[in-house]
Amino acid sequence: MVSFLRCLLPLSVLTTACLSERPHDTVPELLDVRRDYHSYSNVRDFRTEHLVLDLAVDFERRVLEGAVELNLQRLDAGAAELRLDTRDLDVAHVETAAGKGDWSPGSFRLDARDAILGSALRIAMPPGANRVRIHYATRPEASGLQWLAAAQTADRRHPFLYSQSQALHARSWIPLQDTPQVRSTYEARIRTSRNLLAAMSACQPPEIKRDGDYFFRMSLPIPSYLIALAVGNLYFQPTGPRTGIYAERSVIEAAADEFEDTEQMLKTSERLMGSYRWGRYDVLVLPPSFPYGGMENPCLTFVSPTSIAGDKSGVSLVAHELAHSWSGNLVTNATWRDFWLNEGLTTHLTHRIMEAIYGKRRSNMERAEGMADLQRALAEAEKPGDRALAVDLRGRNPDDTVTAIPYERGALFLAYLESKFGRTTFDAFLRNWFDNHAFQSKITEDFLAYLDAKLLRAHPGTVPLEKIDEWIYKPELPDDAVLPSSEAFSEIETQRAAWLEGRLALADLPTQNWSVQEWRHFLDLQPDALTREQLVTLDRRFNLTLSHNRFIACDWFKIAIAHNYQAAYRALEQHLRAVGRMRLMVPLYKELAKTEAGLTFARRVYADARPGYHPIAQTAVERVLSVPAR
Ligand code: BES
Ligand code: ZN
């Protein structure tokens, strides 16, 4: 194991040093792979063990106000300062205490604000002190919260608030050690108006009393990016003994139908990865402005309503967030450089769950889709180092570097290992990885060392170390990667070619049986592949401009923009105003930004749509449209 690390570590550092674009006169600081460069917290001196939140939700002022208490493990008896992460918080006063002793007023200082990291909060710690209480309020512009007016919700009658803490946003609503290296349990009291329900990433009985005063307890240690809160006019409907849906009234029925297989997904996951440790698994459907498809908040996955398509075409999203209950929530990436450990393993497990429940035809389509996404992301990567799995993110915002690469290259790496060692052996390996590191945070090199000890050495000559090195640290995909192939997609390609070349009439395409995945593959064309006439007939026959499926609509709008097909622009504008899920709108702004006229249109639409977007999505669009950041 030691020799393995000796072999890999210098290489990784070397790769980083060679690829970084620093001027030649400064020697790049050696990368410390165990350090989280995205937190100010002094984790070698103190570690949060338990956190107590007490917050009141003020929809009028758009602030959360109250206090957080941190119970810390003191690792260094001499440490005189606790450094926490914050962003845009108003800290009123702090208190400190030692053990069960009384609280005494404490002194603190807020450092200058860094655009990516926020402001360090420095609290003076008297000898022996191991508890702090911070009285604070959030600001309306908190990067990790979205405050929605009633009009922006499905039912349009009540306001809505939700958090999104990953990657660096927990610090915008709680002052804490905002690093995935630190895990803590938590409890919370949330006060809001009587008619609203609060929900958190903590197991709550579905039959909770709706009285505006809610208590939560997460008794398993989790990293800060998994602390989550939502408040709205939410209702609950079960989908099984351990699973259910929280949503607004008007969407709950459709959501419960769409996600009716959740309980079965949970059982399948347990068969693959071992027992589910979190008690309940519920899904909370958010308003359409939610910037992601889903977020794996423990016990309570958050999802975008855009995946509720009426035909279960988007349910792999739930399989994905559920799989995170092992890859991410049970064993967590220790730094954002190791993000692929969360997402790559999860993507691999998602395919396994989808295959077990919906069959190989479906899961192969999804693998092939992932491969196409990967190829695009590799081509668009900002710098060669970004095409690797372990990425040096020093000085960068982890949100800005989320691409298909950690997901799909990660999954491809695991599919490669699975093909080499066989399914049974590789499944057992992954299951042991989770069991042996449960409730720990791990870096890439920990995974590699475990892989080396349990698989590579146990099966000598099967996979050489250099291969692993290529997968993790090199920009190029190894040439013996096992590429997915989909029979269903090959059929689509044959039919599409026949139509494009005039050998087959549009009416003769067997579209009645096409799934959303097949439609999307059909539309996955080169920008200039269609003649104007083909574009118009396609739209007339299949009404693509008005497609009810947000994914098909988005793919179609990309084609429409590339052809300046004005007939779709009204629907495009409506789509951009209605949907805040980044994956369904940032690519459209990118396509629009390619021409002067498109950019003008995009900027006008964005100016109106902006208040409906989450702060994270606003930042993403503003990068594309070169709108100066606020
Ligand atoms: N944890 C991610 C979402 C995320 C990533 C939030 C990085 C903040 C920073 C979640 O599990 C995820 O991967 N969501 C995907 C879903 C998809 C792959 C099925 C998304 O939102 O696109
Ligand atoms: Zn994920």
Side-chain angles (χ1 to χ4, degrees), residues 38 116 143-144 146 162-172 178 180 201 222-228 259 265 283-286 288-298 300-309 312-333 335-351 353-354 363 366-367 369-370 373-374 377 391 393 396-411 516-517 550-551 554 579-587 614-617 619-620:
H38 293 98
I116 297 172
S143 64
Q146 190 175 21
Y162 70 89
S163 70
Q164 166 58 44
S165 296
Q166 195 181 10
L168 311 181
H169 305 288
R171 64 190 69 179
S172 76
D178 197 8
S201 55
I222 59 165
S224 56
Y225 76 87
L226 294 177
I227 305 179
F259 301 137
M265 286 183 175
V283 170
L284 169 68
V285 182
L286 289 150
S289 65
F290 185 55
Y292 293 101
M295 178 66 212
E296 66 272 27
N297 299 315
L300 188 66
T301 280
F302 283 16
V303 299
S304 159
T306 54
S307 280
I308 303 170
K312 299 190 185 174
S313 58
V315 297
S316 62
L317 173 76
V318 172
H320 176 102
E321 306 312 337
L322 172 64
H324 272 306
S325 306
W326 288 264
S327 46
N329 299 4
L330 191 59
V331 184
T332 307
N333 55 206
T335 83
W336 298 114
R337 169 181 179 265
D338 313 302
F339 181 62
W340 78 272
L341 268 184
N342 274 15
E343 299 300 344
L345 266 71
T346 297
T347 305
H348 170 78
L349 296 170
T350 307
H351 294 319
I353 298 168
M354 292 303 289
S363 67
E366 294 185 342
R367 284 179 196 268
E369 222 177 295
D373 289 345
L374 175 59
V391 182
L393 294 179
R396 298 164 80 186
N397 186 340
D399 283 354
D400 299 344
T401 54
V402 176
T403 68
I405 296 167
Y407 292 78
E408 304 299 341
R409 184 179 177 137
V516 170
Q517 280 74 19
R550 291 287 184 193
F551 284 89
C554 179
V579 177
R581 178 172 176 181
M582 291 191 284
R583 205 171 140 193
L584 290 175
M585 55 88 171
V586 174
H614 189 284
I616 298 170
T619 308

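For ligands, and for the atoms within them, numbers begin at 1 and follow the listed sequence.
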*the Zn ion (ligand 2) is nearest to which N, O or S atom of Glu343?*
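Considering only N, O and S atoms, Glu343 comes nearest to the Zn ion (ligand 2) through OE1.
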_Rounding to 10°, state the angle centred on the Zn ion (ligand 2) that links NE2 in His324 with NE2 in His320._
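NE2 of His324 and NE2 of His320 make an angle of 100° at the Zn ion (ligand 2), to the nearest 10°.
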*Does Asp178 reach the main-chain N or O of Arg171 with its side chain, forming a donor-acceptor pair under 3.5 Å?*
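Looks like yes, one N/O pair under 3.5 Å.
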*Ignoring hydrogens and geometry, is there a side-chain-to-backbone donor-acceptor pair from Asn329 to Glu296 under 3.5 Å?*
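Checked: pair present.
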*asked:* Checking Val516 now: which residues fulfil side chain to side chain contact (heavy atoms under 4.5 Å, CB included) with it, not counting sequence neighbours?
replied: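 Side chain to side chain contact (heavy atoms under 4.5 Å, CB included) check on Val516 returns Asp311, Ser313, Arg520, Asn549, Ile552.
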*By side-chain hydrogen bond (donor to acceptor under 3.5 Å, both in side chains), which residues pair with Trp340, not counting sequence neighbours?*
Thr444
*What pairs with Asn297 under side-chain hydrogen bond (donor to acceptor under 3.5 Å, both in side chains), at least two apart in sequence or on another chain?*
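For Asn297, no residue satisfies side-chain hydrogen bond (donor to acceptor under 3.5 Å, both in side chains) once neighbours in sequence are set aside.
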_Glu296 near the Zn ion (ligand 2): N/O/S under 2.8 Å_ =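 Of the N, O and S atoms in Glu296, none lies under 2.8 Å from the Zn ion (ligand 2), which means no.
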Check ligand 1 for close polar pairs with the protein: N or O on both sides, less than 3.5 Å.
unit_1: ligand 1; atom_1: 1 (N); unit_2: Gln166; atom_2: OE1; d: 2.7
unit_1: ligand 1; atom_1: 1 (N); unit_2: Glu296; atom_2: OE1; d: 2.7
unit_1: ligand 1; atom_1: 1 (N); unit_2: Glu296; atom_2: OE2; d: 3.2
unit_1: ligand 1; atom_1: 1 (N); unit_2: Glu343; atom_2: OE2; d: 3.1
unit_1: ligand 1; atom_1: 11 (O); unit_2: Glu296; atom_2: OE1; d: 2.9
unit_1: ligand 1; atom_1: 11 (O); unit_2: His320; atom_2: NE2; d: 3.3
unit_1: ligand 1; atom_1: 11 (O); unit_2: Glu321; atom_2: OE1; d: 2.7
unit_1: ligand 1; atom_1: 11 (O); unit_2: Glu321; atom_2: OE2; d: 3.3
unit_1: ligand 1; atom_1: 11 (O); unit_2: His324; atom_2: NE2; d: 2.9
unit_1: ligand 1; atom_1: 13 (O); unit_2: His320; atom_2: NE2; d: 3.0
unit_1: ligand 1; atom_1: 13 (O); unit_2: Glu343; atom_2: OE1; d: 3.2
unit_1: ligand 1; atom_1: 13 (O); unit_2: Tyr407; atom_2: OH; d: 2.7
unit_1: ligand 1; atom_1: 14 (N); unit_2: Gly294; atom_2: O; d: 3.2
unit_1: ligand 1; atom_1: 14 (N); unit_2: Glu321; atom_2: OE2; d: 3.4
unit_1: ligand 1; atom_1: 21 (O); unit_2: Gly293; atom_2: N; d: 2.6
unit_1: ligand 1; atom_1: 21 (O); unit_2: Gly294; atom_2: N; d: 3.4

*In Å, rounded to the nearest 0.5 Å, how long is the span from CZ of Phe551 to CZ of Arg583?*
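CZ of Arg583 is found 5.0 Å from CZ of Phe551.
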*asked:* Students often mix this up, so state it plainly: with edges at 30° and 60°, are the rings of Tyr162 and His614 parallel, tilted or perpendicular?
replied: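 Aromatic pair Tyr162/His614 classed tilted.
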